Every structure is written in C-alpha cells, then in structure tokens.
Undergrad: 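Structure incoming, see below.
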Amino acid sequence: MSKGQITELLHAWQNGDQTALEQIMPFLHAELRRLAKQHMFRENAGHTLQPTALVNEAYLRLVDMELEFQDRAHFLALASRAMRRILVDHARSRKRLKRGAGQKPISLDESALPSIAVDSNLVDLDEALNKLAAFDARLARSIELVYFGGLTTTEAAAVLDISRVTLNKEMKLARAWLYNELK
Amino acid sequence: MDPERWKKISALYHQARGLDEAAREQCLVEACGADIELRREVEALLGVPDKAASGIDRVIETAAAEYADHLSEGERIGPYLLLGVIARGGMGQVFLAERADQEFERQVAIKTLGWMGATPDLIERFRQERQILADLDHPNIARLLDGGETVNGVPYLVMEYVDGQPIDQYCDTRQLSVQDRLQLYQKICNAVDYAHRKLIVHRDIKPSNILVTEDGEPKLLDFGIAKLLDDGAAQNPVAVTREGAGMMTPEYASPEQVRAEPVSTATDVYSLGVLLYKILCGRMPYTPKAMSTDLARAIQTEIPSRPSDALGLPARVSGNDSIDAISAARKTSAIRLRRRLRGDIDNVVLKALRKEPERRYSSALALSDDIENVLTFRPVTARPASFAYRSTRFLRRYRAGVFISLIVAAILITSVMQVVQQRDKAQVAALQSEQVVKFLGELFYSASTLRTRGEAITADDLLAAGVVDIGSLDDQPQVQARLLEIMGTSYQYIGDIEKLGELMQRALDIRQNQLPHDAAAIGNTLRAFSESARLTGHLGEAERQLRQSVALLIEAYGPEHGSVAYALSRLGEVLRMSGLLVEAVEALQQAAAMKEKLGETGDEDAIDIYGNLAIALNDAGRADEAETINRKAVAASRLLMGDKDPNTLTRIGNLGLIQIRQGNYTEAKKNIGEAYESMNEIWPAESVNTTWIAGSKGSILLYLGQFDESLAAYEEHLQKTLRVYGINSLRHAKALQNLGRWNLVTGNYSDALQLFGQALAMTAIKGEDPGSRAGSIRLQMAMAHIAAGNYEVAEAVALQALSAPDMLGRGTIPGLQRAVARSLSRQGRYNEAMRLFETSLRARESFASTTSVSLLPTLIAMSKHYRRAGDPERALSIARRAHDIGLTVSPPDTWGPALATAEYAAALRALRDSETAQSLFDNAIIDLVAAFGIGNPRIADLRQEFETAIP
C-alpha cells in the first residue's frame with residue numbers, strides 16, 4: 001500500500017467511511033505483527049518490548065512522511081486499537097493454555113508499590129477497560145490511545161476532540177478507577 | 001455502572017481533587033448529602049496515588065514481552081510439552097518437559113534461548129552447544145537427546161533431565177567423608193577427561209553444573225560454552241580454543257579466563273581445582289571482596305592458601321560455615337580434617353590451581369590419577385611450589401600482547417626485505433624456509449581481512465606501497481616466486497583479480513623457466529593461478545589449469561595428499577560453475593573423502609572443500625545434505641579462523657543461500673545479514689564478495705516479502721557488479737535477471753519482461769555457463785508472460801529453452817516444463833498439460849525431496865490446473881500438500897507459503913467447505929497484503945479467483 005493510499009483511507013475514515021477502516025486494519029495488523037517479530041530478532045539485551053514504540057515505528061514505516069497533525073493522530077489511534085487487540089488476543093490464548101495445563105503463572109518480582117497489582121494481567125486490564133467503556137467510552141479510549149498507542153497527550157486530545165487539560169484530568173480519573181478495579 | 005451516576009462521581013472527583021483536605025471534606029459532605037455510597041466511591045478514587053499509573057505500563061509491557069517471548073508451560077516445542085520452568089538464566093530458560101506424543105515417558109529438560117537479550121553471540125553459542133553436545137555419550141554427562149529451533153527460530157536443546165542436587169550441597173547434606181568426596185570427584189574428572197578427548201572444553205565447571213542424583217551418580221550439565229578443539233592443538237598441552245571470556249562464573253574462572261585469553265583443557269583442570277578446594281575444605285581459594293576486580297586480581301596474582309590452612313581461617317563471607325560445621329559435614333573433627341588435608345591433598349589441589357596452564361595437571365585424568373594416589377596412600381606427583389616459582393610468578397603476570405599491529409608488521413616486512421637484499425647467505429636460506437614465507441603470508445592475509453576505518457594499515461596499503469619490492473629479488477627467483485604467489489593471493493582476498501592474474505603469471509614463469517622442475521611447486525602455482533581464470537569467467541582455461549595441477553601434484557605427492565585433495569576440489573568448483581554438477585559433486589566428494597582419510601578435517605583446505613561441496617550439492621537440489629556439510633564448514637571455520645574471518649563469512653553467507661532453498665528464511669536472513677554486514681567491514685565496497693552478498697541479501701528479502709529493501713539490495717548488487725565485472729558480463733546478466741525477478745514477483749510484468757530481454761541478450765557473450773544462465777532467464781520470461789496472460793508466447797519461450805536441454809541447469813528443466821504445462825492448461829489443452837505437470841513434479845521430487853519448498857510453484861500451478869480441468873478432488877489433495885509444505889517455512893507468514901494457503905483455500909471452497917476456506921484465505925491475505933500492499937494486482941487476482949472458486 002502506498003503512503004498516498006494510506007492518507008486517502010485515513011481521510012475517508014475521518015469522513016465517516018467505515019469500510020476505509022476495514023481496509024487499512026489488516027494491513028496495520030500485519031505490519032505490527034511483523035514489527036513485533038522483528039523486535040524479537042533484534043539485539044537489545046535487557047530491553048523490554050515497548051508496544052508504544054512499535055506503534056510509532058509502524059507509523060514511521062508505513063507513512064514515512066510528514067502527515068498533517070490530525071492525520072498522524074488518527075493513524076496512531078487506529079494503530080493503538082490494533083496493538084491492544086493483538087496483545088489481548090495473545091494473552092487470552094496463553095491464559096487458556098495455562099489453565100489447561102494446570103500450571104501456576106510465574107509471579108514477577110514485586111517491589112515498587114503502589115501500583116496496579118502486577119499479577120493482574122493484560123486480560124484483566126482489557127476487561128476493566130471494556131467495563132469502563134460501557135459507561136465512559138472517552139475515558140477508556142484515552143487510556144488506549146496513550147498506553148497502547150503511545151500518543152502524546154496533545155495527539156490524544158486531538159483525536160478525542162477535547163482540550164489537553166481536560167484529557168490530563170480525565171486520565172487521572174481513569175487510572176484511579178482502573179487501579180481500584182484491578183486492585 | 002449507570003452512566004448518569006458515573007457523571008456525578010466524575011464531576012465530584014474533578015471538583016474535589018484540587019481542594020485541600022478540609023475543603024474537600026466539606027465539598028463532599030455538601031454534595032453527597034445522604035448518599036453515603038456516592039461519597040465513598042468518590043473518596044476511593046481520590047485516595048488512589050498518582051503513581052498508580054506505572055502499573056498500567058508494566059502490565060502492558062509485560063504482556064508485550066510475553067507476546068514476543070511466548071514459550072511457557074503448557075506450550076509445545078516440537079513434540080515436547082513444557083511442564084514447568086526449572087530455571088531462567090543468562091542463557092535462556094530451562095523447562096521440564098515430556099514428549100507430547102507419549103512415545104517416551106521420560107521427562108526431559110529443554111533449554112531455550114529467550115528473546116530478551118538474545119544477542120547473536122548468545123544464539124551462536126547456543127547452537128554450538130547443540131552441535132558439540134551431540135557427540136558426548138558418558139554416564140556422568142547429561143545426554144543431549146534432541147535439539148532444534150522452534151517455529152519462531154528460538155534454538156533449543158533437549159537434554160536428559162537430571163533430578164539431583166549440586167555436588168557441594170549433596171556432599172554436605174549426605175555428610176560424605178573426605179574419602180567419599182574424592183571418589184565422587186574422580187568420576188567428574190573422568191567425565192571431563194572423556195570430553196577433553198572429544199576435544200570439548202567445558203569452561204564453566206562449578207557445583208551448580210554438577211548434579212548428583214539420588215543414587216549417587218554425578219552428572220555434568222551445560223557444556224554451554226564448550227568449543228571443539230582442533231585435533232592438532234590437542235596434541236599440545238596448552239591447546240587453545242578461541243574466545244571464552246565473559247561467560248564464565250568468576251569464582252571458578254581461571255587466570256586465563258579472567259584475562260580473556262584463549263582457554264584450553266587446562267582451564268577445566270583449573271576449575272576442577274577450585275571445585276576440589278570447595279568440596280574438601282568448604283572454602284573458596286580466594287577471599288572475594290565486594291568488588292569483582294579484586295577477585296579478578298586475586299585470581300591472577302594471589303597464591304591460594306593451602307586448603308588445610310584455609311580451613312582454619314575465620315569464616316570470611318557471611319554464611320560461610322564454621323570449621324566445626326565443615327568438619328561435621330565430613331563426619332570428622334576439625335583436627336582430623338586438617339591433618340587429612342595437609343600435605344598431599346594440599347599439593348594436589350594447588351597443582352590444579354597453578355596460574356600457568358602448563359604447570360597444572362596435564363589432563364583431568366592425570367588429576368584423577370593423583371587422587372587415586374591419595375586414596376591409596378601412594379606418593380602423589382604434585383609437589384609444593386618452590387620459592388623461586390612463587391617469587392617469579394609476579395614478574396610473569398602480564399604477557400606481551402599476542403597481536404602485532406600492522407604498523408609493526410610493515411616494519412618487520414621491511415627488515416626481512418633488507419636481509420634479502422644484503423645477500424647474507426645464511427639469512428637468505430632462513431628466509432626461504434617455509435616458516436618465514438608462511439609468516440609473511442599470514443601477515444598479508446590478516447591485513448587483507450582487517451580493513452577497518454583507518455585504524456591500521458590495510459593490505460591495500462601494504463601491497464600498494466610496495467613494502468615488498470619484488471623487483472629487488474631478481475637473483476633470488478625462489479623467494480621471488482613465493483612472494484609473488486603470496487601477494488597474488490592477497491590481491492585475491494581483497495578482490496583485485498587483475499593483479500592476482502598478473503602476479504601469478506609472473507610466478508609461474510619463474511617456476512617454469514628459471515627454476516629446476518618442481519612438480520609440487522608448479523602444481524600449486526597453477527592451482528592458485530586458475531583462480532584468476534575462474535573469477536573472470538574463463539572456465540575452460542581454469543579447468544585446463546586445474547587438471548594439469550592435479551596431475552602434477554599426484555606426480556609429486558602420490559594419489560592421496562592434502563594438496564591433491566585441494567586442487568581436486570578447485571576443479572570440482574570450476575566444474576560446478578560450468579554446470580557439470582554430477583562431476584563437480586563427485587570431485588568434491590573425492591576431495592573430502594581424501595581429507596578425511598588423511599585425518600585433516602579441521603584445516604583451512606578441509607573447510608574450503610566442505611564449503612564447496614555444500615554449494616555443489618545445493619546446486620544439484622540436495623539442500624539438506626548441503627546444509628549439513630555447510631554447517632560443518634562454518635563450525636570448523638569459526639573454530640579455526642574466528643567469527644569475523646572472510647572465510648567464515650563466505651560460509652555463513654552460503655549457509656543462508658542453502659537455507660533459502662530449504663524454506664528457512666528466518667535463519668537465512670540472519671546468516672546472510674551477518675555475512676553482509678561483516679563483509680562490508682572487511683572488504684572494499686566494490687569487490688567480489690561484497691557484490692555477491694548484496695545479491696543474496698536482495699534474494700532473501702524478496703522471499704521474506706520485504707520488497708523495498710530487496711529492491712535496494714538488488715540495485716546495489718547491479719551497481720557493484722558493473723564496477724567489479726564490467727558491463728555486458730554474465731554477472732551483469734545475472735544482476736538484471738534478479739531485478740526482473742523482483743518485478744515478476746511484485747506484479748510488474750512488463751518491466752520484468754524488459755529486464756529479462758536485456759539479460760538474455762548478454763548471455764550470448766562467452767563466459768561462465770551462458771547456456772544455463774539463458775535457460776534460467778527464459779524460464780522466468782515464460783513465467784512473466786503467463787502472469788501477463790500471453791500463454792502462447794510463454795509456451796514458445798519455454799519450448800525454445802527446452803530444445804537444448806544439455807545447456808540447462810538441473811533445476812531449470814522441470815521449471816520450463818511447468819511453464820509449458822501452465823500455458824497449455826490455460827489454453828484448454830488439459831491432457832498435454834497434465835502429463836507435463838506430472839513429469840515436472842517427478843523430476844523435481846527426484847533431486848530435491850518430496851517436501852521441498854521448491855515444489856510449491858509446481859503444486860500450486862497443478863492445483864489450479866486440476867480445478868480448471870474439472871477434477872477438484874485431485875486439486876484439493878495437491879493444494880493440501882502445498883499448504884502443508886508451506887507450514888514448514890520459517891517464518892510462516894511469508895508470501896510464498898501464503899500463496900499456497902490461498903490456493904488451498906480456493907480448492908476447499910470449490911468443494912463446498914466455505915467456512916474453513918474463508919478463514920484460511922483471510923489468513924493468507926493478511927500475509928500477502930503485508931508483503932505486496934493492498935493495491936497490488938496480485939491481491940485482486942487472488943480475491944477474484946477465490947470468490948469464483950465455487951462448485
């Protein structure tokens with residue numbers, strides 16, 4: 001897919017053409033999957049895999065040019081959705097396997113409190129986000145954009161069409177709610 | 001939650017958040033009134049500390065890491081089901097596992113290399129471990145049962161699972177006496193000695209690598225950093241293997257390991273000494289302080305206390321046992337234990353711990369024998385170190401660097417030349433000795449490989465500056481000829497073929513005209529000279545020179561000799577390039593067999609012979625055999641020459657090309673990538689090797705569907721080809737063909753045809769196997785015509801190539817038959833098409849294998865044919881086979897296998913299994929879109945084909 005086509009699809013999507021989203025999604029999905037795999041092959045001792053870095057890399061690779069600020073933000077919004085879906089799907093399949101084998105998950109070393117209990121996994125986080133979205137979709141979306149997509153608060157605010165100050169305030173609330181939900 | 005209620009909570013939260021505690025309290029009381037529940041909910045949110053955010057990051061990052069590193073309990077590796085994690089460590093993870101197919105009930109330990117921190121160095125060490133361990137079969141060494149790589153390319157080892165305790169703990173919990181400990185220890189020495197005889201050094205002997213089972217058998221684990229010693233070096237008591245630093249456990253490391261110097265079997269003897277120290281007196285030989293550098297210094301400089309003395313020292317490290325506890329664990333008293341250790345045992349332990357490898361026990365067996373002496377109260381061979389030894393140790397601590405800088409090298413060469421020019425007879429005689437010539441050769445050789453960013457003088461500099469003034473040697477023809485040959489070969493290494501030919505011609509003239517007849521020398525010179533003809537595409541000339549060379553060498557040395565084997569192998573290589581694959585494989589196998597018979601399997605020639613045999617086998621379609629042989633070449637080359645050596649790199653690049661044939665693109669990319677990067681460091685940008693590796697890089701990226709990168713590499717290949725080989729050469733044709741192929745794969749059929757046309761025109765020029773090249777170009781032309789819908793033209797092009805089958809490479813004929821069959825099938829001539837398809841398939845199966853990825857295009861075309869010809873069942877069984885073969889490709893999501901899956905989906909749909917078909921097709925399309933892009937015409941064609949595949 002050429003960069004031009006991507007931009008066109010993004011515009012179509014913003015203008016309400018949902019089929020544009022469907023067209024770009026498998027491509028994005030494939031690109032993120034490819035990048036994740038590539039990262040595995042890379043020499044990066046002691047480095048954690050940063051999903052947000054993947055999303056940004058996907059952006060750079062796919063678009064590789066200066067986009068309008070709005071377009072870039074929307075592209076990243078789309079990518080953050082894809083990233084979440086990939087990771088959650090994977091975590092779910094692992095959970096099934098673990099249960100099947102009757103094994104205890106390995107506990108990670110826990111030192112820096114307070115934070116969301118680390119044994120709550122991504123599947124729980126995803127479920128909590130779905131729950132949150134049921135009564136405050138914007139709050140759930142803001143978490144998705146920033147944490148799965150790596151959007152800056154300015155970009156996320158533009159996608160959600162609110163001010164940055166509002167976004168920051170809402171993020172605090174969203175995190176607080178998630179923290180209590182996953183505690 | 002009710003959205004309306006949430007609005008209230010949310011509004012109150014924002015309102016109260018900015019307030020101080022008192023104001024917040026008041027605000028909430030006022031706003032909530034009797035709704036206590038509301039107030040509680042808002043307070044719960046306000047009470048969450050800001051830092052809570054970090055938890056979300058960690059959950060997501062942990063999940064992402066797992067996504068990348070997803071091997072864990074309950075999953076499978078090959079036929080093994082992972083039961084649990086035994087250990088996670090620097091080298092990866094160790095799982096307890098069992099065979100999922102219940103073929104064997106026994107449990108095994110599987111060691112993998114995790115993705116996190118998996119440097120190429122680690123992966124390579126892991127792979128070496130696998131190859132090396134397979135050779136070890138000893139009751140006290142944990143067996144390697146199996147090994148491989150997971151679908152994601154994670155290498156793993158399947159080892160005997162040892163349920164036991166580390167030896168030091170075992171001895172203490174069982175309260176073994178000194179006698180029992182020594183006997184147990186002897187078993188370990190014998191196991192280590194067994195490995196040493198197999199030329200394997202452990203390098204990391206320590207208690208946690210020696211487990212003792214319930215019934216008292218010790219088992220050595222983890223020959224993780226062991227490397228094969230070459231036969232020759234093993235004869236030497238201070239036999240060396242390369243590298244080795246950085247992976248050892250500091251407390252058990254030898255002085256040479258601490259200094260990152262080459263290690264040898266003596267290194268293991270040292271670690272065995274530390275182990276003996278520990279299990280006998282419960283202490284470590286040195287007093288480790290907090291800083292690891294202190295320990296490193298102590299290992300290099302301190303003479304350890306005698307174990308009997310160490311016993312009495314106060315416990316130095318917290319957690320160390322008191323002398324009474326140590327004695328109790330040995331079922332004795334402190335006084336008796338000290339008396340038992342004093343004298344012979346002290347001497348034995350300290351002899352194993354000598355700083356200089358050559359002053360230790362000559363082998364683990366010798367150590368074991370001396371312990372036998374202790375046990376039977378015979379005198380031991382170990383003696384206390386003399387005062388002289390102890391005092392001179394300090395002075396010898398730092399040895400001169402091993403490597404001579406190239407500047408020093410230049411000075412050395414100059415002074416050698418001065419000696420020659422002074423006509424000092426005695427010294428000239430010395431110079432003629434092989435040793436001096438070899439020294440100069442090695443200097444040039446290493447210079448030609450060390451092309452690094454201006455830090456040192458390069459071979460270019462040495463050669464161009466004429467450090468060796470050949471002209472000044474006119475009255476020393478023997479030396480002159482020898483140096484010409486060395487310099488000529490050095491020019492070959494840096495890719496200057498013209499100079500190679502020029503200098504070799506001069507050397508040959510001298511040998512034939514100025515010196516007495518020496519069959520061996522002329523034979524060898526001819527062999528070296530033939531490289532010039534070979535590399536410039538004059539294969540007939542090269543073959544003639546080599547046949548003459550082989551004859552002369554047999555005259556000089558008899559039918560079985562290393563030089564004969566090598567010249568024979570060069571002949572094999574030239575025959576291979578001429579397309580005479582059967583003869584080529586035969587010559588190379590003969591050469592390899594000769595080397596093996598002579599016991600010369602680890603030298604440079606052997607590496608070369610294995611490497612070229614692998615190429616010939618690969619050309620003959622025998623990729624699996626080729627891979628095995630090539631791995632042998634890489635392993636031997638890494639061992640003999642190191643990782644960043646031109647020879648090693650060439651072998652690694654070749655391995656990648658073979659792996660493309662095997663469908664293992666993951667590994668292929670890694671190997672070609674490694675070779676490409678390193679070759680470009682070593683050689684000038686425009687040289688023979690940097691050129692071919694660029695073409696290889698283009699090919700692997702093409703298979704991986706990374707088309708932009710692939711195109712860039714192919715263009716680089718073309719540019720370099722033009723500079724190195726010139727315009728209109730056969731190599732130029734090959735470079736254009738690559739670009740044509742790129743266009744064919746990515747759907748630009750008219751560009752592809754144009755490039756193939758240009759390339760074909762160049763094959764009319766004489767050179768390396770033009771017939772075979774033309775055939776292969778015509779094959780791809782035919783494929784492009786079919787893709788563009790010109791079936792009759794395609795048929796004609798393919799038939800034209802087939803009309804001269806003698807000129808064709810072995811893989812080309814079935815391909816051409818397939819092209820004709822496809823054209824016929826498209827024209828509705830089904831019976832003719834079917835017969836040709838079957839012929840083509842059988843031919844390819846006969847020289848590749850029935851599961852080779854090279855069958856994919858044929859199988860896919862056949863399935864389409866049978867669907868078209870109204871035999872959907874046959875189509876389905878063929879497509880299924882293609883799909884299954886596709887599953888063996890690594891990584892699985894490349895376009896080649898995806899095309900097979902898409903065809904399988906269409907065949908399924910044609911037989912009404914539309915649900916499975918749809919999901920398979922979706923999977924295939926994801927991969928294909930990722931490769932070709934959504935707008936590519938191939939995608940649209942495939943979609944249409946799938947949708948119209950209805951009963």
Side-chain angles (χ1 to χ4, degrees), chain A residues 1-2 5 23-24 26-27 29-31 33-34 36-37 39-41 43-51 54 86-88 90-91 94 97-98 100-101 103 106 108 112 114-118 120-122 124-125 134-136 139 143 147-148 169-173 175-180 182, chain B residues 1-3 5-7 10 13-14 17 44-70 72-75 81-85 88 115-120 152-153 666 669-670 891 893 922 925-927 929-931 933-935:
Chain A
M1 181 184 287
S2 74
Q5 280 171 297
Q23 279 187 64
I24 203 170
F27 189 59
H29 206 286
E31 181 65 15
R33 194 172 62 163
R34 207 176 59 73
K37 285 188 178 174
H39 272 258
M40 293 177 226
F41 286 99
E43 182 181 345
N44 46 0
H47 175 77
T48 343
L49 190 70
Q50 301 258 9
L54 281 189
I86 291 167
L87 292 182
V88 171
H90 177 71
R94 280 180 46 77
L97 279 163
K98 275 185 183 168
Q103 293 288 332
I106 308 148
L108 292 157
S115 73
I116 289 177
V118 277
S120 67
N121 60 27
L122 188 72
D124 297 329
L125 175 65
F135 55 82
D136 195 334
L139 236 51
I143 293 287
Y147 287 98
F148 287 93
K169 275 165 61 184
E170 295 208 334
M171 290 280 291
K172 283 202 177 91
L173 174 58
R175 286 193 296 256
W177 186 86
L178 283 170
Y179 179 75
N180 286 341
L182 293 169
Chain B
M1 185 175 311
D2 173 38
R5 185 167 178 81
W6 174 254
K7 266 187 194 156
S10 156
Y13 170 86
H14 289 311
R17 208 172 177 283
L45 290 168
L46 287 169
V48 176
D50 282 351
K51 282 185 192 161
S54 67
I56 300 178
D57 274 340
R58 283 170 69 186
V59 167
I60 296 174
E61 273 174 21
T62 306
E66 290 214 319
Y67 175 62
D69 179 18
H70 54 90
S72 68
E73 313 87 86
E75 294 189 28
L81 182 67
L82 304 183
L83 301 177
V85 177
R88 288 181 194 273
W115 287 120
M116 293 299 120
T119 62
N152 291 323
T666 310
K669 186 186 180 189
K670 231 187 63 211
D893 55 354
D922 288 348
I925 280 293
I926 286 190
D927 295 335
V929 167
I934 220 162

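Hydrogens, waters and symmetry mates are skipped; everything else that's a heavy atom, side chains included, is used. Below, chain A is the first sequence line, B the second, and so on; all start at residue 1. Keep in mind that this is a model prediction, so the values were computed, not measured.
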Undergrad: Under the rule for side chain to side chain donor-acceptor pair (under 3.5 Å), what residues qualify as partners of B:Arg17, not counting sequence neighbours?
TA: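 Testing B:Arg17 for side chain to side chain donor-acceptor pair (under 3.5 Å), a comparison that skips the adjacent residues, returns B:Tyr13, B:Asp50.
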Undergrad: Which heavy atom of A:Asn180 sits nearest to which heavy atom of B:Val48, and what is that distance?
TA: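 Taking every non-hydrogen atom into account, OD1-CG2, 3.3 Å.
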Undergrad: Show the numbers, then the answer: is there a side chain to side chain contact (heavy atoms under 4.5 Å, CB included) between A:Leu173 and B:His14?
TA: CA-CA 8 Å; A:Leu173 174 58; B:His14 289 311; 3.9 Å; yes
Undergrad: What residue in B:Leu45, B:Leu46, B:Asp2 has the most heavy-atom pairs under 4.5 Å with chain A?
TA: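 Result: the option with the highest number of such pairs is B:Leu45.
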Undergrad: To the closest 0.5 Å, what do you measure between OG (B:Ser10) and CH2 (A:Trp177)?
TA: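 Between atom OG of B:Ser10 and atom CH2 of A:Trp177 there are 13.0 Å.
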